[in-house]
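Atoms within a ligand are numbered from 1 in the order they appear, just like the ligands themselves. In what follows, every heavy atom counts, from backbone to side chain, and hydrogens, waters and symmetry copies are set aside.
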Amino acid sequence: MTRFIFVTGGVVSSLGKGITTAAIAVMLEKRGLKVSIQKLDPYINVDPGTMSPFEHGEVYVTEDGYEADLDLGHYERFSQASIGRHSNATTGSIYLEVIRKERAGDYLGQTVQVIPHITDAIQTAIERGAAAGTDVAIVEIGGTAGDIESLPFLEAIRQFGLRRPKGQVMYVHLTLLPFLAASGEMKTKPTQQSVGKLREIGIQPDVLVCRCEQPMTEAMRNKISLFCNVRPEDVIQEQDVETTIYEVPLDLVREGLDRAVMEHLQLDNSAPIDMTDWEDLRFRWANPEHQIEIAVVGKYIQLHDAYKSIYEALAHGGARHRTKVNFRKISAEDCADGDVASLLAGSHGLLVPGGFGERGLEGKIRAIQWARENQVPTFGICFGMQAMALEFGRHVAHIHGANTTEVDPDCAAPLIHLMDTQESIDDKGGTMRLGAYACRILENTRTAEIYGRDLVFERHRHRWEFNNDFLPQLEDAGLKCAGIHEKGNLVEVLEISDSPFFIGVQYHPEFKSKPLSPHPLFSAFIGAALNFSRGTTAAVPSEVEAR
Ligand code: GLN
């Protein structure tokens, strides 16, 4: 029988509900339980695929090709849970389903209403989210208690608890204890009011997790307990972390969240929980031996969340090498107009992330040219890989008019183009090449050396593809194909094989990197950047430059 934990949030948004949810998953897995995690989002977009990264951060892609909220990235980085399209539902997807059924006449003349039809559909989605064999399903409700748009979700999870035996469903509410500098104290009133909002609609939280900058005093704990009707030992503090979000599971275990959850779900917690691997990670993270700086040249550089998984994956690679990775975030447009050398000088590696559209492409190409000519380790992802092909095509292989048809449909040399089968697609939502595809890694390549395997599965999110007509010219000039999707004969990896690191991948390896198992490409990239910073780089052979 699957047990359910509902995680809600109060007071303000951006409290780190996704990370707290992921941390709960870590604890339960340490207890040997099989966990699933799901996010319910109150917005009307059917999925986050069409949302601007400026507004909503990156679009995270799951193995099964679902375009998801970045919280699903936290879930995968922290836990072993299998995350896919079943792991997310939005107001839009729920309504779409109900309206489709209504149009099909499935409701047999009933008046279709929020209660029970929408709330039933939400409960069906929750059940679908818990894969077969799941011991505990954790469900995070997006938004903040008191929002109009989250009401149907809160109503649905209330009903869900009502229909199940005690001990099978619990509610965890995350709140904020704001610190008032003027009076020098933390305040509990917002927490009381947000719990009040939940209780108004019939949800009594079992556990409160209180985000705070300062430690919570016993007096505060007792006050919150009394006013919110939650046992004092179930009022858990979650203080700001010192170095990394990956400390959160350790902190929350120490504060008793593991005990509280196990007790409420009537699960055995007599054995001590073993968090050694996370302790080791924290130690490595907090005590780096080296520091490097990676330049990230992208279009959405102002917002950290827009490249969330990339920054995380770089940091994972850093932790593996006991290296603190500092980011130099550079707008691609500045590289197009400005002095690339001075923008990039002193960085130890260049990462060019994915992107769409014209803005920034030329800047990315200039940055790559500078990095290649100065033998700075270079890692291109998706649009970044396409930009590497264009840079090399233009400046080393001297292919006149090399471009992508995404930017210039009539260019003389479409190195990056749409496949014939894609030309007729007009819809913007869910129509790209999405999710995991097999990639055969070719022998005697740098990429093969790094992966140590000849077949990998990596995730995609793009429309345009490398144009094989130009491969011989690029290979002759020194940019080799190092990985292909055999079924479609699609180039997935390009590299300069004798460079320490000049690799572009059509896929998004950042989605598969975890703090406890960094992605090999990110780990190798950081290793190359570290070598570069120490001046131990083997120079790129001159014939590559000379062509
Ligand atoms: N715009 C490019 C394409 O669609 C790259 C997409 C990306 O970087 N995610 O092919």
* Side chains of W278 and L516: closer than 4.5 Å at any heavy-atom pair? -> yes
* Structure fact -> Nearest heavy-atom approach of G317 to P518 is N-CB, 4.1 Å
* **Nearest non-hydrogen protein atom, atom 7 (C) of ligand 1** => C382 SG, 2.9 Å
* Validate the cation-pi geometry between K512 and F457: distance from NZ or CZ to the six-membered ring centre under 6.0 Å, angle to the ring axis within 45°. => no
* **H508 neighbourhood, listing ligand 1 atoms whose heavy-atom distance to it stays under 4.0 Å** => 9 (N)
* Pairing of D498 and R446 as salt bridge, 4.0 angstrom limit -> no
* Which of the atoms in ligand 1, numbered in the order shown and given with their element, are less than 4.0 Å from a heavy-atom of E406? -> 1 (N), 2 (C), 3 (C)
* Asked: Do any nitrogen or oxygen atoms of Q386 come within less than 3.5 Å of a nitrogen or oxygen of ligand 1?
  -> yes
* To do: Using the test side chain to side chain contact (heavy atoms under 4.5 Å, CB included), find all partners of A524 that sit at least two apart in sequence or belong to another chain.
  => I450, F501
* To do: Tell me which part of M432 gets within contact of ligand 1: side chain, backbone, both or neither, using heavy atoms under 4.0 Å.
  => neither
* By number and element, which atoms of ligand 1 are closer than 4.0 Å to a non-hydrogen atom of W464? -> 3 (C), 4 (O), 10 (O)
* To do: Between G354, G355, G298, flag the one that comes closest to atom 5 (C) of ligand 1 by a heavy atom.
  => G355
* To do: Return the option from R433, M385, H462, R461 holding the heavy atom at the smallest distance from atom 9 (N) of ligand 1.
  => R461
* Look at the side chain of H348 and the backbone N and O of L530, then say whether any donor-acceptor pair between them is shorter than 3.5 Å. => no
* To do: Tell me whether the centres of the aromatic rings in F511 and Y60 are closer together than 6.0 Å.
  => yes
* Please report which non-hydrogen protein atom sits nearest to atom 4 (O) of ligand 1, along with the residue it belongs to and the distance in Å to one decimal place. => R463 N, 2.9 Å
